[in-house]
Amino acid sequence: DVTYGIIVNGLVKQGKVADGVRVLVSMEERGHHPNEFVYSALVSGLFNEGNSEGAMKLWQEMMEKGFKPNTVVYSTLIDGLCRIGKPEEAKKVLSEMVSEGCMPNAFTYSSLMRGFFEKGNGEKAILEWKEMEKNGCTPNEICYSVLIHGLCLDGKLKEGLMVWKHMLGRGCKPDVVAYSSIIHGLCNAGFVEGGLRLLNEMLCQGSESQPDTVTYNILFNGLCKHNNISRAIDLLNSMLDRGCDPD
RNA sequence: GAAAAGGUA
């Protein structure tokens, strides 16, 4: 069964999702039962290639067989539904998984929060955050990034900064994506200087928090939009000095 | 020993 999981995942990663589904059929013909690894690989593969109908059909067949999905398989469906703009349906799936005794984790909540933010429903995203905390699920740096990014896109930089401080206060180390998200929020609100200050802070942190090309691009964009081309050139030079490649 | 989530136009 591990063999089938590895093969199906390999096919999916190469964009051969239909072949992955064929493997599922043939393993059943041989009397093997597909497990969580096979199902999550196929569900995410089908959603990623835009075949949400296929994913839902597979899900239905899986449930009809009496298969009990675990947290990863449920989270994969929730993420897929959010990616096609259906966070409300994803929320229903979350309720189902809880009633089946399956606990949502940071993956589950970050997908759902992002789905609500993308629908312009920041209120519901924040409700999910509260739900997560109530359920004793500790947010990781990805959950914080989703929340900060969503708040900043809603023009709520102040709230984003509060969350940022909260993250630091709880000892959660912001990684490069979390830093980039808050820097983006600062730049878009016109506080490019604040963004540059955070960049300097990043340079003093560990390897997980070193700025990358995206971080620099965010700052270049902020500087150029505010007619600060010369500072952008200085920044480009320091970027190159650090051995970071522009794209 | 295999599967799922976040940042730049």
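Just so you know, these numbers use all the heavy atoms, side chains as well, and skip hydrogens, waters and symmetry mates. Each chain gets a letter, A, B and so on, in the order the sequences are listed, and its residues count up from 1.
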Do the side-chain N or O atoms of A/R83 get closer than 4.0 angstrom to the phosphate oxygens (OP1, OP2) of B/A4?
no

Atom CG of A/D245 and atom P of B/U8: how far apart are they, to the nearest Å?
21 Å

Using a strict cut-off of less than 4.0 Å between a Lys/Arg side-chain nitrogen and an Asp/Glu carboxylate oxygen, indicate whether A/E118 and A/R114 qualify as a salt bridge.
yes

Polar side-chain contact A/N70-B/A3 base: donor and acceptor under 3.5 Å:
yes

Can you tell me the distance, in whole Å, between the CD atom of A/E49 and the C1' atom of B/A4?
17 Å

Once you round it to whole Å, what is the distance between C1' of B/G7 and CG of A/L219?
12 Å

Would you say the side chain of A/N35 and the base of B/A2 hold a donor-acceptor pair, judged only by whether the two atoms sit under 3.5 Å apart?
yes

I'd like to know if A/E131 pairs up with A/K91 as an ion pair, taking the criterion as any Lys NZ or Arg NE/NH1/NH2 lying under 4.0 Å from an Asp or Glu carboxylate oxygen.
no

Polar pair under 3.5 Å, donor/acceptor by atom type, side chain A/S111, base B/G6:
no

Is the base of B/A9 touched by the side chain of A/N217 through a donor-acceptor pair closer than 3.5 angstrom?
no

Looking at B/A4, does its base get a donor-acceptor pair with the side chain of A/N105 below 3.5 Å?
yes

Please determine if a side-chain N or O atom of A/K225 lies less than 4.0 Å away from the OP1 or OP2 oxygen of B/U8.
no

Report yes if a donor N or O on one partner sits less than 3.5 Å from an acceptor N or O on the other, where the partners are the side chain of A/S181 and the base of B/G7; otherwise report no.
no

Under the 3.5 Å rule, do the base of B/A4 and the side chain of A/S40 count as making a donor-acceptor pair?
no

